[in-house]
Amino acid sequence: MAKISRLSGFPELLPSGRVIEQHILDTAREIFELHGFLSLETRAVEPVEQMQRDGEIDKEIYVLRRLQATADEADLGLGLHFDLTVPFARYVLEHAAALEFPLRRYQIQKVWRGERPQEGRFREFTQADIDVVGKDSLAFHHEVEMAVVMSSLLASLPIPRAVIQVNNRKLAEGFYLGVGATDTQRVLRAIDKLDKIGPDRVRVLLETEAGLTPAAAAKCLALAAISTPDATFVDQVRALDVRNDLLDQGLSELSAVVTGANAERPGSVVADLRIARGLDYYTGTVYETQLVGFEAAGSISSGGRYDDLASDAKQSYPGVGISLGVTRLVSILIAKGLVTASRAVPSAVLVAVADEASRAASELVARQLRRRGIACEVAPSADKFGKQIRYADRRAIPYVWFPASAAEGTAGDTVKDIRSGDQVDADAATWQPPLEDLKPKVFATADTSTASKESS
RNA sequence: GUGCUCGUAGUUCAACGGUAGAGCGCAGCCUUGUGGUGGCUGAUGUUGCGGGUUCGAAUCCCGUCGGGCACCCCA
């Protein structure tokens with residue numbers, strides 16, 4: 001396990017890890033904006049009752065309280081938000097008059113959940129959400145779009161292949177109703193445990209807690225076993241011989257998402273009828289995402305369609321969204337050694353200092369480089385050049401700049417590529433490093449098949 | 001919140017109840033103002049914390065705090 005936290009569940013990255021995280025954040029912003037999503041941020045704090053959409057999640061909310069609160073203000077009724085979707089729904093309702101619909105927004109913020117942390121699960125973590133919210137109605141094609149945008153983002157990152165698994169609440173609920181279930185939420189929660197406890201124990205749950213007949217339970221398990229990379233799941237579901245209008249609607253929606261998304265981004269999406277999602281406000285398409293080869297780490301991106309999350313008496317704002325678990329993804333990449341950063345500092349150049357008397361000359365070089373967008377720093381002390389080179393080497397700064405020195409008798413400046421050892425004459429007004437050296441590069445570690453061995 | 005497990009140098013880990021050590025890293029020197037490899041030398045610990053048993057505790061016991069894992073739930 002990578003050592004990334006001292007306070008359990010509140011991760012703090014080392015500089016090399018932060019470079020990786022920042023690359024993901026930058027890429028997310030770029031891809032989201034490329035698809036026309038505007039940026040929003042909501043406050044970190046929400047009224048607790050606003051967030052209580054799901055009974056199970058209540059106990060995970062961190063409550064806000066002043067240290068020296070008096071008795072009458074002891075309970076402010078405020079808590080740190082545990083996701084970005086619910087606060088966004090609140091924001092939409094509050095500012096609806098000033099917003100244009102359909103509203104396409106992305107939101108990258110920290111969220112807090114009071115769970116017991118373990119690998120890939122934190123108490124403080126960053127989510128990168130996109131949502132599209134309509135007024136009164138929201139066109140179905142946005143449910144395809146969410147998968148396409150997220151797939152596009154994941155494909156832009158130096159990470160193992162990711163597959164978005166899609167299911168549909170209407171399909172599942174319609175099917176459950178069709179086999180005689182009365183509490184579809186119970187069935188859903190039982191099915192959600194398939195990965196964890198296996199079909200046999202799920203069958204018991206279905207028959208006892210959800211009250212299904214053995215035949216109905218068997219059909220629900222058969223449904224959950226269906227997974228296809230295309231729309232052929234429809235025939236497999238039909239073969240189970242369950243009739244229900246909601247089911248039919250779900251089938252056509254899910255096949256539209258799978259075929260639509262895969263038409264744009266082949267292989268990005270699979271229909272997986274086992275995907276349930278715990279949150280109960282989803283009403284249509286639901287998404288989960290696994291990193292191929294690292295399925296045990298859990299979903300790195302999830303979301304779904306919701307119709308009633310942002311609604312008041314007069315108006316409803318149905319939406320669909322998907323969220324990238326940035327912190328989880330980064331923790332997997334670091335723990336498994338899947339991604340490497342070329343350097344942890346922004347500097348492309350270290351400007352050496354011959355002696356303290358000539359520091360100004362080195363600062364001038366740095367200014368000239370910075371004026372042209374070349375990140376650089378000046379050596380902290382006028383040590384022997386060997387030490388200054390080592391300073392750069394330790395930080396993987398690729399170039400060391402030696403200003404002309406009267407003491408040395410050198411006529412002009414030189415710059416040394418400390419990886420190759422090549423040292424050439426250079427002019428701070430014109431010298432340019434290769435593009436790939438300008439900024440820290442984040443790239444997939446070459447041999448990812450052996451990387452998993454370094455996981456601990 | 002429940003259960004299990006682990007806490008020794010910066011780090012990874014040793015040490016039967018009997019003097020706290022090694023690798024890596026770090027610092028210095030060989031190296032003459034240009035590093036990396038190599039050689040030599042050196043520094044660093046309230047053994048998480050508090051109590052108990054014992055002639056003697058890193059080691060055994062109790063408590064506590066912290067880490068990890070599983071349950072729960074989820075990005």
Side-chain angles (χ1 to χ4, degrees), chain A residues 1-11 14 24 28 54-61 81-85 108-129 150 154 162 189 192-193 195-197 201 275-280 286-291 296-304 321-332 335 350 352-355 358 379 381-402 405 407-410 414-423 454-456:
Chain A
M1 185 69 213
K3 249 254 166 63
I4 53 175
S5 64
R6 300 195 59 173
L7 233 194
S8 179
F10 295 88
L14 292 171
I24 291 173
D54 183 323
E56 286 301 319
I57 217 151
D58 293 1
K59 55 191 176 191
E60 298 183 354
I61 295 174
H81 58 210
F82 67 86
D83 76 355
L84 301 179
T85 309
I108 302 175
Q109 282 181 251
K110 292 226 161 117
V111 303
W112 292 267
R113 292 183 194 175
E115 316 183 42
R116 271 302 243 287
Q118 41 193 276
E119 187 171 21
R121 311 175 54 190
F122 303 94
R123 289 177 161 166
E124 177 181 77
F125 58 98
T126 301
Q127 291 193 308
D129 273 39
M150 187 53 69
L154 293 167
R189 291 218 179 237
D192 198 30
K193 296 187 203 301
D195 278 342
K196 273 260 159 59
I197 65 177
R201 292 176 59 191
I275 300 303
R277 310 253 53 231
L279 298 173
D280 58 9
V286 290
Y287 316 89
E288 280 196 7
T289 309
Q290 291 190 331
L291 272 188
S299 174
I300 54 162
S301 173
S302 305
I322 190 164
S323 172
L324 176 67
V326 175
T327 305
R328 171 173 291 177
L329 177 58
V330 169
S331 76
I332 297 168
L350 174 75
V353 176
D355 52 67
S358 70
S381 61
D383 286 324
K384 293 201 281 190
F385 284 153
K387 278 200 174 182
Q388 297 193 40
I389 291 170
R390 192 165 65 174
Y391 176 98
D393 191 39
R394 292 277 163 80
R395 293 163 178 75
I397 298 171
Y399 297 95
V400 177
W401 191 282
F402 298 96
S405 159
E408 272 288 277
T410 51
T414 58
V415 65
K416 179 188 182 85
D417 182 336
I418 64 171
R419 296 160 299 188
S420 63
D422 295 342
Q423 189 164 345
E454 304 166 16
S455 61
S456 46

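Just so you know, these numbers come straight off a predicted model, no measurement behind them. Computed over heavy atoms, backbone and side chain alike; hydrogens, waters and symmetry mates excluded. The sequence lines fix the lettering, A, B, ..., with proteins before strands; numbering per chain opens at 1.
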When rounded to the nearest 0.5 angstrom, what distance separates [atom1] in [X] from [atom2] in [Y]?
X: A/F10; Y: A/K110; atom1: CZ; atom2: NZ; value: 10.5 Å
X: A/I275; Y: A/E288; atom1: CD1; atom2: CD; value: 4.0 Å
X: A/D83; Y: A/S302; atom1: CG; atom2: OG; value: 11.5 Å

Within this structure, what is the [atom1]-to-[atom2] distance between [X] and [N], rounded to whole angstrom?
X: A/R395; N: B/G36; atom1: CZ; atom2: P; answer: 16 Å
X: A/K416; N: B/U34; atom1: NZ; atom2: P; answer: 10 Å
X: A/D192; N: B/C72; atom1: CG; atom2: C1'; answer: 12 Å
X: A/Q388; N: B/G33; atom1: CD; atom2: P; answer: 14 Å
X: A/R121; N: B/C73; atom1: CZ; atom2: P; answer: 10 Å
X: A/L14; N: B/U11; atom1: CG; atom2: P; answer: 11 Å
X: A/Y391; N: B/G36; atom1: OH; atom2: P; answer: 18 Å
X: A/Q423; N: B/U34; atom1: CD; atom2: C1'; answer: 7 Å

Per-nucleotide pairing state of RNA chain B [Watson-Crick or G-U, under 3.5 Å; [ ] pseudoknot-crossing; | other strand]: (((((((..((((....[..)))).(((((.......))))).....(((((..]....))))))))))))....
Check every strand shown and say whether [X] touches a base, only sugar-phosphate, or nothing at a heavy-atom separation below 4.0 Å.
X: A/R419; result: base
X: A/A354; result: base
X: A/G298; result: nothing
X: A/I300; result: sugar-phosphate
X: A/V330; result: nothing

Give each protein N/O atom lying under 3.5 Å from an N/O atom of nucleotides 26-30 of chain B, with the pair distance.
from, atom 1, to, atom 2, distance (Å)
B/C26, OP1, A/R394, NE, 3.3
B/C26, OP1, A/R394, NH1, 3.4
B/C26, OP1, A/R394, NH2, 3.3
B/G28, OP1, A/K387, NZ, 2.5

Using OP1 and OP2 only, check whether a side-chain N or O of A/K193 sits under 4.0 Å from B/C73.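 A/K193 to B/C73 OP1/OP2: side-chain N or O found under 4.0 Å.
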Just jot down the salt bridge (charged side-chain N to carboxylate O under 4.0 Å, His left out) partners of A/R123, sequence neighbours excluded, or say none. none
Results of side chain to side chain contact (heavy atoms under 4.5 Å, CB included) for [X] - residues two or more places apart only:
X: A/S323; result: A/Q127, A/D129
X: A/S420; result: A/D417, A/D422
X: A/A379; result: A/L350, A/V353, A/Q388

Would you indicate whether the side-chain heavy atoms of A/K387 and A/F385 approach each other to under 4.5 Å?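 When only atoms from C-beta onward are counted, A/K387 and A/F385 do not touch, as no gap falls below 4.5 Å.
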Please evaluate the base of B/C74 for a donor-acceptor partner in the side chain of A/R328 within a cut-off of under 3.5 Å?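 Counting by modelled atom types and ignoring angles, a donor-acceptor contact under 3.5 Å is found here.
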Considering all heavy atoms, the nearest A/G9-A/F122 contact: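 In this case the closest contact between A/G9 and A/F122 is O-CB, 3.4 Å.
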